[in-house]
Amino acid sequence: MLFLQVSSVLSHGFILDVVPGQQLLSQKLQPAVYNYAAISSNIDSLRSPVSGSNLCRSANPGPRRQLNLGGDVTISHAFSVGAQHIGPCKVEIMQRGNLQTAVTIAEGECARAPDAGGNIAQTNTDKSGGASQQCPGKQPPGLVTDDMCINDWTFKPQNTDQIKCTDCVLRWTWKGEHISKSNPELYENCIDVSLNGQSTPQAPSQTPSAPSQTPSTPTESPETPSTQTPPEPTIAPQSPGSEPGSSNKSPFCKEGLVWACLDSNQFVACFPESQIRASSPPQSCAKGTVCQQAGNFIQCGYA
């Protein structure tokens, strides 16, 4: 089951805090994003694409943060290292549970925003190594998978005069267009914030720890499980006399490939876990990007 999830979602991302990443790590703060405790036990409930209308993933709130909208705001987030991350992010301030009150304070390509050194995050990096190689010392606290790096996004908030709440929710959304601009992956996370200076970041009493070697009962995801039945695998029809196990695999799906580039723009999913499942119909990279093979995966990056 885990393999199928990895093969169907090319990237992951989530906001950590309204505190810069270096401050978060040096002060050993528990990230304030909702449901951060899942980082070591059920990480996909925190970072995978969302579906349905469960606001803020129906997750448990984290620590409340003080947020000053009078100047530049820096938020820290984490993206997986196995793919390029392209697509717009949005930051909104709203009353808890009321999306109708949401005020957009920032929009932009947060995953490609330059860091303090002028380097563009998650772009043209070596995708063959883990996070510990790509961004030493910049992994989310408590992460047990070596596959995510922290980077910051600094922006000047807009429309602050339209905000009516003081104890509010900051909602971060991202449309991941690294696979398709017309059918993007959608991500969402939330953080409780106080705009009147009532609270400040506090160090946690406990840091999320890695799971023990003894199997434990899986932590339930706060998101309401889907009631839809997963689609049956597409099985290619066999012609008379064909060998058992043959399928309508793309010739570009060499052994072990999860995704394969067809040309500079198109790619397919290969489903290497099944010898009889046909490869997916061709999909296109986002406009302005080119398809490049990166090990068993592909990346739609800027040329």
Side-chain angles (χ1 to χ4, degrees), residues 11-36 39 46-47 50 55-57 59 61-81 85-94 96 102-123 131 135 137-143 148-160 163 165 167-176 186-197 199-204:
S11 71
H12 298 85
F14 67 97
I15 186 175
L16 285 157
D17 215 312
V18 293
V19 175
Q22 187 57 45
Q23 179 184 347
L24 194 72
L25 295 172
S26 63
Q27 296 183 11
K28 299 182 178 180
L29 301 175
Q30 176 181 323
V33 64
Y34 284 17
N35 195 37
Y36 192 75
I39 191 73
L46 185 65
R47 68 179 187 178
V50 296
L55 189 61
C56 297
R57 297 179 181 257
R64 180 175 293 277
R65 293 290 195 243
Q66 175 183 339
L67 183 62
N68 182 0
L69 298 180
D72 287 351
V73 171
T74 297
I75 64 173
S76 52
H77 36 35
F79 292 102
S80 59
V81 298
H85 295 78
I86 301 167
C89 297
K90 180 188 291 187
V91 179
E92 299 169 302
I93 299 293
M94 67 179 190
R96 180 189 289 275
V103 175
T104 300
I105 63 170
E107 290 184 276
E109 289 260 5
C110 64
R112 302 189 68 244
D115 62 15
N119 301 308
I120 295 179
Q122 300 295 321
T123 302
C135 55
K138 293 181 64 178
Q139 293 82 52
L143 182 70
M148 302 196 82
C149 291
I150 296 176
N151 69 284
D152 294 338
W153 179 30
T154 299
F155 56 85
K156 189 175 293 294
Q158 308 295 318
N159 306 316
T160 55
I163 299 172
C165 56
D167 289 332
C168 316
V169 173
L170 180 144
R171 179 175 181 253
W172 174 87
T173 54
W174 169 45
K175 291 183 178 181
L186 304 178
Y187 298 79
E188 177 204 40
N189 297 101
C190 295
I191 296 173
D192 282 348
V193 294
S194 176
L195 304 185
N196 56 8
S199 60
T200 55
Q202 299 292 327

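Counting from 1, the numbers follow the sequence of the chain as shown.
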Working to the nearest 0.5 angstrom, can you tell me the gap between [X] [atom1] and [Y] [atom2]?
{"X": "Cys190", "Y": "Phe14", "atom1": "SG", "atom2": "CZ", "result": "14.0 Å"}
{"X": "Asn189", "Y": "Arg47", "atom1": "CG", "atom2": "CZ", "result": "12.0 Å"}
{"X": "Gln139", "Y": "Leu25", "atom1": "CD", "atom2": "CG", "result": "8.5 Å"}
{"X": "Phe79", "Y": "Cys135", "atom1": "CZ", "atom2": "SG", "result": "12.5 Å"}
{"X": "Asp152", "Y": "Gln23", "atom1": "CG", "atom2": "CD", "result": "10.0 Å"}

Side-chain heavy atoms of [X] within contact of [Y], under 4.5 Å:
{"X": "Arg57", "Y": "Asn35", "value": "no"}
{"X": "Val193", "Y": "Leu195", "value": "yes"}
{"X": "Tyr34", "Y": "Leu46", "value": "no"}
{"X": "Val91", "Y": "Leu170", "value": "yes"}
{"X": "Tyr36", "Y": "Leu16", "value": "yes"}

Worksheet item: What do the steps show when you test Asp72 against Lys156 for side-chain contact (heavy atoms from CB on, under 4.5 Å), and what is the final call?
Response: CA-CA 5 Å; Asp72 287 351; Lys156 189 175 293 294; 3.1 Å; yes

Which residues share a side chain to side chain contact (heavy atoms under 4.5 Å, CB included) with [X], sequence neighbours left out:
{"X": "Glu107", "answer": "Lys90, Thr104"}
{"X": "Val73", "answer": "Leu67, Leu69, Ile75, Phe155, Pro157"}
{"X": "Asn68", "answer": "none"}
{"X": "Ala102", "answer": "Glu92, Met94, Leu99"}

Residues in side-chain hydrogen bond (donor to acceptor under 3.5 Å, both in side chains) contact with [X], at least two apart in sequence or another chain:
{"X": "Thr160", "value": "none"}
{"X": "Glu188", "value": "Arg171"}
{"X": "Asp17", "value": "Arg65"}

If every non-hydrogen atom of [X] is compared with every non-hydrogen atom of [Y], which pair is closest and at what distance?
{"X": "Gly21", "Y": "Ile150", "answer": "CA-CG2, 3.9 Å"}
{"X": "Arg96", "Y": "Val169", "answer": "CA-CG2, 3.8 Å"}
{"X": "Trp172", "Y": "Cys110", "answer": "NE1-SG, 4.0 Å"}
{"X": "Pro140", "Y": "Ile39", "answer": "CB-CD1, 4.5 Å"}
{"X": "Pro63", "Y": "Pro31", "answer": "CD-O, 4.0 Å"}

Discussion item. Which label fits Trp153 and His77: parallel for a plane angle under 30°, tilted from 30 to 60°, or perpendicular past 60°?
Written reply: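 Answer is parallel, since the angle falls under 30°.
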
Item to complete: Say whether, by atom type as modelled, one donor and one acceptor occur between the side chain of Glu109 and the main chain of Gly87 under 3.5 angstrom.
Response: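 Yes, because the side chain of Glu109 sits within donor-acceptor range (under 3.5 Å) of the backbone of Gly87.
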
